[in-house]
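It should be emphasised that the depicted structure is a prediction, and the values quoted were computed from it without experimental measurement. Chain letters run A, B, ... following the sequence lines, proteins first, then strands; residues in each count from 1.
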Amino acid sequence: MIPFDYRRATDAEAAVDLVHGHPGATFLGGGTNLVDRMKLGVSEPEMLVDVSRLPYDTVEPLPGGGVRIGSAVPNSDLAAHPLIREQYPVLSQALLAGASGQLRNLATTGGNLLQRTRCVYFQDVTTPCNKREPGSGCSARGGYTRQHAILGASQACVATHPSDMAVALAMLDATVQVQGPDGSRKIPVAELHRLPGDEPERDTVLGQADLITAVDLPELAMATRSTYRKVRDRASYAFALVSVAAALDVADGTVRQARIAFGGLAHKPWRAARAEETLRGAPATEEAFRAAAEAELAEATPLADNAFKVPMSRNTLVSVLRDLA
Amino acid sequence: MEAEIALTVDGTRRSLSVDTRTTVLDALREHLGATSPKKGCDHGQCGACTVLVDGRRVTTCLSLAVAHDGAEITTAEGMADGRELHPMQRSFLDHDGFQCGYCTPGQVCSAVGMLAEAEAGWPSAVTDDLTAPVELDEAEIRERMSGNLCRCGAYSNIVAAIRENVR
Ligand SMILES: Cc1cc2nc3c(=O)[nH]c(=O)nc-3n(C[C@H](O)[C@H](O)[C@H](O)COP(=O)(O)OP(=O)(O)OC[C@H]3O[C@@H](n4cnc5c(N)ncnc54)[C@H](O)[C@@H]3O)c2cc1C
Ligand code: SF4
Ligand code: FES
Ligand code: FES
């Protein structure tokens, strides 16, 4: 690890100022991903600006409906919060499906969203990787691809986004509050992460000095019956092969609205707009659920080791929707 | 770069000067001689470095010491009251909840932190009803302790030891 300067910010503007105009600076949350990358030599910041003690540590109802989650709220406290457990169970479940009890006590909401891919080649500085070193090549193509993408990948990069929480947030139409050098703005979580295209080094639409201050959940009645299901290589404490976040509004056997997002399949949480469209007004039957899943996965392009993800994501979605109906 | 920090470890306040790169785990082991937290993987994957910080269980290998200036840390060693073992430590002995013992300090700290979480009503990934009171059966204990690996595979006795402390 290279030496670095450590600063603790007192407020959001001071944090942004410290990072702005200092190309080697970056924000520090709980450190559970950034410090790991620094140990591996994958990230080499010269200055860390600690934002974990900023006063963004509460979960509160918004005046017009919905809930605001401060960016410094630990994953464990968020999962256990009564408002989230009762009104957005999918979010509690997604958080509880990630990492371990002692990591969730450290990990922050902002850091979880911006954690980077666990592609083994990205994490190994001895192998070429376009995300870590633009233009060096992608070692996953022709390499080990069990964990990699089947949707939205590019020639340059086939990595997946590792966060479980982000999949639930994308399904819920949550928005991220950002404080940047030019003031504050809002970005839908579903538009925060990018597809790799020919710039896989950019995970998100954020700039280097953009600080996440909060995540807002909209008021959403159907979210009280929402769920998260994660399929992985071990029963616990492993990243997703495939995951599904979903909510379903059914009346008289007909689907009024479905909301679906996949994890483990793409460079970003994958909002399944086609499956949602297929289900609108359809009967709440297993055939309809299967047709919706197939519509979404029609353009899947599996790699050498991950063709299993196509039937696995289809079957997981069908079983989640069957349970919700 | 050096930084001056203070940590309270097992009830004693200690001031120290650390390179900013130092993790809480290395500060405890290398600077303060508190060697009960163990370095297994150094990447957050095994739980051997688990301690309680301000009462919450956390891994220490991915936490920077400078970022934890002022923290109150309890290690497995500090759980005993003089020569009187903490009930969780006693149960690990009674149930043979270990073989080589390398993962044990982390297991004990994690188990104590986990029981406090369950008492506060926190659900887990295997809790069916997220709003019901928590019942710590075997499946719940296994899920909640999944962040602590044991290469000796003493899991069934670890679960038995922890169960004895469930109220
Ligand atoms: C062994 C292990 C297993 C794991 N398993 C899972 C899993 O199954 N599912 C899952 O979802 N996650 C998993 N995780 C990842 C874990 O959830 C993340 O490491 C964690 O959420 C990151 O949060 P943090 O606060 O520690 O972020 P940090 O490591 O502090 O930061 C992560 C990134 O976000 C940036 N950042 C932090 N806060 C802000 C902010 N407010 N504004 C702008 N930028 C910011 C940092 O600059 C950094 O680039 C696992 C981690 C480990 C070590
Ligand atoms: S998939 Fe992406 S992150 Fe992995 S080696 Fe290829 S370019 Fe790097
Ligand atoms: S040494 Fe910290 S988790 Fe393994
Ligand atoms: S007792 Fe040996 S690793 Fe657990």
Under the criterion side-chain contact (heavy atoms from CB on, under 4.5 Å), which of A:V59, A:I69, A:T58, A:V67 is the partner of A:H81? A:V59
N/O donor-acceptor pair under 3.5 Å between A:K230 side chain and A:Y228 backbone: no
Using a 4.5 angstrom heavy-atom cutoff, name the option from A:G98, A:P89, A:S76 with the most pairs to chain B. A:S76
Just by modelled atom types, is the B:P37 backbone N or O under 3.5 Å from a matching donor or acceptor in the B:R29 side chain? yes
Given heavy-atom pairs under 4.5 angstrom as the criterion, report whether the side chain, backbone, both or neither of B:T20 touches chain A. both
Kindly say whether B:E117 contributes a backbone atom to a donor-acceptor pair with the side chain of B:R144 at under 3.5 angstrom? no
Is chain B contacted by the side chain of A:P82, its backbone, both, or neither, given a heavy-atom distance below 4.5 Å? neither
Counting heavy-atom pairs under 4.5 angstrom with chain A, the leader among B:A67, B:S63, B:A120, B:S124 is B:A67
Applying a strict 4.5 Å limit to non-hydrogen atoms, the region of A:L34 in contact with chain B is neither
Contacting moiety of B:C61, where chain A heavy atoms sit under 4.5 Å: both
Which bit of B:D69 comes within less than 4.5 Å of chain A, counting heavy atoms only: side chain, backbone, both or neither? both
Interface moiety of B:S110 toward chain A, non-hydrogen atoms closer than 4.5 Å: side chain
Please flag which part of A:N105 lies under 4.5 Å from any non-hydrogen atom of chain B: side chain, backbone, both or neither. both
Max heavy-atom pair count under 4.5 Å with chain A, selected residue of B:V53, B:T127, B:L62: B:L62
Top contributor to chain A interface from B:D42, B:T23, B:L149, B:N148 [non-hydrogen pairs under 4.5 Å]: B:D42
Structural part of A:L95 lying under 4.5 Å from a heavy atom of chain B: neither
Is the side chain of B:Q89 donor-acceptor paired with the backbone N or O of B:H86 at a distance under 3.5 Å, no angle test? yes
For B:D137, is there any backbone N or O sitting under 3.5 Å from a side-chain donor or acceptor partner on B:R163? no
In terms of heavy-atom pairs under 4.5 Å with chain B, the winner among A:P3, A:S100, A:G31 is A:P3
I need the residue from B:G47, B:G121, B:G113 with the largest number of non-hydrogen atom pairs under 4.5 Å to chain A. B:G121
Side-chain (A:R118) to main-chain (A:R116) donor-acceptor, under 3.5 angstrom: yes
Residue part contacting chain A, namely of B:A3, when any heavy atom lies under 4.5 Å: neither
Heavy-atom distance under 4.5 Å to chain B: side chain of A:R8, backbone, both or neither? side chain
Look at A:E86, A:R85, A:R53 and state which one has the largest set of heavy-atom pairs under 4.5 Å with chain B. A:R85
Using a cut-off of under 4.5 Å on heavy-atom pairs, state which of B:V66, B:T131, B:D19, B:T50 scores highest against chain A. B:V66
Report yes or no: does A:D57 contribute a side-chain atom to a donor-acceptor pair with the main-chain N or O of A:V73 at less than 3.5 Å? no
Distance-minimising heavy-atom pair for A:S92 and A:I84: OG-CG2, 3.5 Å
Crowding at CD, B:E135 (>12 non-hydrogen neighbours, <6.0 Å): no
Check for a donor-acceptor pair, side chain of A:Y88 on one end and backbone N or O of A:L172 on the other, with a separation under 3.5 Å. no
